[in-house]
Amino acid sequence: MTYQSVNPYDGKTSKTFTELTDKELDTAIATAATCFETWRTTSFADRAVIVAKAAAIMHANIDEYARPVTLEMGKLFAQARGEVKLSADIIDYYAKNAERFLAPQPLSPATGEAEIVSTPFGVLFGVEPWNFPYYQLARFAAPNLMAGNVVMVKHAGCVPQCAIAFEKLWRDAGAPPGAYTNLLISYKQVDRVIDDPRIKGIALTGSVEAGQIVAARAGKNLKKSTMELGGSDAFIVLEDADLDKTVEWAVWGKMNNTGQCCVAAKRFIVVEPLADKFLAKFQAALAALTPGDPMDAKTTLGPLSTEAALVKLVDQVKRAVGKGAKLVMGGDRIDRAGAFMQPTILTDIKPTNPAFREEFFGPVALFFRVKNEDEAIALANDSEFGLGGCVFTADIARGKRVASRVDTGMMFVNHPTWTTPDLPFGGIKNSGYGRELSSLGIQEFVNKKLVRVSAIDAPA
Ligand code: NAP
C-alpha cells in the first residue's frame, strides 16, 4: 500500500488510502484543464481573495494542520507548527505580490513599442516530498495559482493526510474544482500524467534518483521542469568564529527536522585551530538531546519519518565505517520503540569512501578538519551537490568572500540556512535547477511573451 499514515513514534498504522484508477485520474486531469480556461482569465484581485483566504485559514488553525505532520512523519510538534505558519506566510506573500511580480515589462526597442507580458502555462504537475509536508506544497501551489496556472500534486506516500488536508484547504478557501488537485497515484501513473498533453509543466522536489527519472520523462515530452533535489551542505567554521554560538547553530543546522532537510548542514568543515574544541562541544550538545514523543514539548529528538528511512540510514553509516570512517558517537538505532536514530558523528571520511559523496538524510554529521580557508572552500566544492551552505566568521567581508567562492545556489553567513517567502530557494549541479519562492519562483511556469506594436506604415 503506497499511501498510508504510520506513526513513526510507535509504528502504528492509523489509515490507509487506495490509489486512483486510471479513469479517475483522467477525469481529474480533465477537470483541471477545464478549470484552467476560466482561472487563466480570472483577475489577480479575484485570485488573491481566494489565495489570501487559504493563508488565513491556515493561520487560524495552526494546531489542526500541524497534528498530522507530527503523526505521519514524526516532526516535533513545535516545528510542525512553525512549518504551518511559514506555509501560510508563503501563500499570503504571493496573494499580495503576484500581480507586481508579473506586471508587463516595457522594453525600449529602437522602433515602435514593445513589452513582455507574462501568461500562464496551464495545468502543472508537482511531485513532492514528505519532509516538509505543507511548506513544499505551498512553495509550488501559491505562486502558480496566483500566476493563473492550476496545479496537480502527487505527494509522498507517507503523508496522505497532510496531502488531503492541503487539497481541502483550497476548497475551503473557495478555489474552483480543478484549481488544486491532490493525486494519490502510482509511479506508473506519474509517467502517464507527465505524458498527458494537457499537462504543461513539471516540478519535482525529492531525491536525485527521482529527479533523474521525472526530468527525463519531462524532457522526452519537451515539457519544462524544475528540480529541487538533495544536498550535502557544508558548514564552514573559520578560526575567528564565536565558538559557542557557532556550535549552537551547528546543532540547529544539523538537527532541525531531525536532520531530514535538503539544506541541513551535512558536512562540518572546521579549520585546525578550532577543530578539536568544536568537535567536543558539538558532540556534548548532540548527546544532550532527549528522544521521546514528538507531540511532547519536552522532546528534543524526534523519530525519523519511517522505519525504512531509519534502516537505510543506519546501514549507510555502517557502510561508511566499513570503508574506514571513524564513529565519534552514535551510529545505530536507539533501543526503544519507534524509528529513532542516535545522533551520529563520523570523522576520517576519505575521498575514496563512498560516504564522502553521499547525502546522509537524518541526524548524521560528517566532520572534516582543514588547515585554512582555501582548503575549506576546496572541500566544500568537492561535491556533486550544490544546494546551500554556510560559513561562520567574525569578519563579514570575509564571510561574503567565502560565500562567493562556494558553488551552490544559496550561501549563509553566520547562520546555517534560512527560508522566508521573499528569499529564492534552489540549487545547482545535482541539487537541481530552477528556483522556488521570492519573485523568481513565480516566473518558472509563465510564458514571457513579447508583444511589439508598430505603426502600420512604418518601414520594415
Ligand atoms: P524521493 O524518494 O525522491 O520522493 C520524493 C517524491 O518523489 C515522493 O512523492 C515520491 O513518491 C516520488 N517518487 C520517488 N521516486 C519516484 C519515481 N520513480 N517516479 C515517480 N515518483 C517518484 O525523496 P524523499 O526521500 O521522499 O525526500 C528526500 C529527498 O528530497 C532528499 O534527497 C532531500 O534532500 C530532497 N529534498 C530537496 C528539497 C529541495 O528543495 N532541494 C527539499 C526537500 C527535500 P513516494 O513517496 O510514493 O515514493
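First listed ligand is number 1; within each ligand, the first listed atom is number 1.
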I'd like to check which ligand 1 atoms, numbered from 1 as shown, lie under 4.0 Å from a non-hydrogen atom of [X].
| X | result |
| --- | --- |
| W130 | 24 (P), 25 (O), 26 (O), 27 (O) |
| F425 | 39 (C), 40 (O) |
| C262 | 33 (C), 34 (O), 36 (N), 37 (C), 38 (C), 39 (C), 40 (O), 41 (N), 42 (C), 43 (C), 44 (C) |
| N131 | 43 (C), 44 (C) |
| Q136 | 42 (C), 43 (C) |

Quick one: look up the protein heavy atom nearest [atom] and list residue, atom name and how far away it is.
| atom | answer |
| --- | --- |
| atom 46 (O) of ligand 1 | G157 N, 2.9 Å |
| atom 47 (O) of ligand 1 | K154 NZ, 2.9 Å |
| atom 32 (O) of ligand 1 | E359 OE1, 2.7 Å |
| atom 37 (C) of ligand 1 | L229 O, 3.0 Å |
| atom 20 (C) of ligand 1 | Y187 CD1, 3.6 Å |

Once you measure the plane-to-plane angle for [X] and [Y], does it fall in the parallel (<30°), tilted (30-60°) or perpendicular (>60°) bin?
| X | Y | answer |
| --- | --- | --- |
| W252 | W418 | tilted |
| F282 | F268 | tilted |
| Y65 | Y134 | perpendicular |
| Y94 | F101 | perpendicular |
| F166 | Y180 | perpendicular |

**Study point:** Geometric cation-pi criterion, R139 with F425: 6.0 Å, 45°
**Key:** yes
Practice item. State whether F132 and K75 meet the cation-pi test: NZ (Lys) or CZ (Arg) under 6.0 Å from the six-membered ring centroid, and within 45° of the perpendicular axis. Key: yes
Exercise for review: From the options I57, V51, L145, select the one residue that forms a side chain to side chain contact (heavy atoms under 4.5 Å, CB included) with I91.
Suggested key: V51
Between ligand 1 and [X], is the shortest N or O to N or O distance under 3.5 Å?
| X | answer |
| --- | --- |
| S431 | no |
| Y3 | no |
| V190 | no |
| V127 | no |
| E128 | yes |

Review point. Hey, are the side chains of Q79 and N256 touching, using non-hydrogen atoms and a 4.5 Å cut-off?
Key: yes
Review point. Salt-bridged, D26 to R192, with N to O below 4.0 Å?
Key: no
